[in-house]
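Notes for the one structure printed next.
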Amino acid sequence: MRTRSGARGVGRVVFSSRETLKRKRREPRADTSVSAAPRLFLQSIFSVLFPSDCKICRTPLNNIARLPVCRECLDAITPLRVPQCLICGDRLRSAQLLMGDGLCVNCRECRPDFERAVSFGEYRDGLRTLIHLLKYEAVIPARSPLGRMLAEAISELLPGAGEGKPLLVPVPLHRSRRRSRGFNQAELIARAAFRRLPHKLEFAPGILVRRRETISQVGLSREERIQNMRGAFHVSDRGRVKGRNVIVVDDVMTTGTTLSECARVLRQAGAAKVWAATVARAFHGVELPEFAESREEEEVEAAVGAASARTVLAGDTTPASV
Ligand SMILES: [Zn+2]
Ligand SMILES: [Zn+2]
């Protein structure tokens, strides 16, 4: 598997090297001095007091909306329609299509621990902005359309998920990250999706626990990513998982290493089969602004968070309520 930085010829990061340790040290500390709740409350008030432009196309919105995105931009977010790997969902190039087995190179070499991964749309344009609004600017009402999209992706898996309700398990954040952000975006989206499929799933947040922070996967080789994830998760209630089918959900799937590790741990705890579903899929080889400079996600998050705080202070609209 080519890494994004490798694909561009940028120097590779050697795992466990001094560089990796430096990156670890650069990770921001959880902000335990300021609770996230007052910040979210303030943003919620601003959403009511000040009208806003659409955060995607910048057109002024006619009325005050909890979600500052226009209907046209939401409608423009459409499901994936490209040839995809039957297991991991990565886009298949024409050479791979000729192989005829419907699998990408990576899955042919080494299968992930989930049965199959599905995503609603590609992680770009409006969908990417919508996810960023939720994740980095705490625009909580974005969970609603994102939950609808996740529910559509999950529905694709349900016919093959056998009898009984599969457990719906969001990928957890480490507690320090959750505390500083104020919420786990995967859990919010999963809950919104579950509300649309209440008779077909059993919502099980908290089954999977993240017991340590992981460094950003950006710039790591496939082996390094797997190593980076090892031991990051554990199952808190093995009895509830035993013999059950599970669907692990997240906002974005990039390399699939996180979801595969979640699946491995769940299967080790006795889960029968594990699938993965995300709202968005970042395809290999597609450069994204946050990867272009090989910056870590945490650094992007810090920068966007600072911009968001400035926006709130300037009186712009960023609606939110937990
Ligand atoms: Zn718009
Ligand atoms: Zn694949």
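Order of listing sets the numbers, starting from 1, for every ligand and every atom in it.
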(message) For A204, give me all partners under side chain to side chain contact (heavy atoms under 4.5 Å, CB included), at least two apart in sequence or on another chain.
(response) L167, V169, I207, R240
(request) Taking the Zn ion (ligand 2) as the vertex, measure the angle between atom SG in C88 and atom SG in C107; round to 10°. (result) 110°
(message) Within rounding of 10°, what is the angle whose vertex is the Zn ion (ligand 1) and whose arms end at SG of C73 and SG of C54?
(response) 110°
(message) Please report, to 10°, the angle around the Zn ion (ligand 2) from atom SG (C85) across to atom SG (C104).
(response) 120°
(message) Salt bridge check, E122 against R281: does any charged N sit closer than 4.0 Å to a carboxylate O?
(response) no
(message) Rounding to 10°, state the angle centred on the Zn ion (ligand 1) that links SG in C70 with SG in C57.
(response) 110°
(request) Look at R175 together with E213 and state whether they make a salt bridge at an N to O cut-off of under 4.0 Å. (result) no
(message) Counting C-beta onward and ignoring hydrogens, is there a side-chain heavy-atom pair between R116 and I87 closer than 4.5 Å?
(response) no
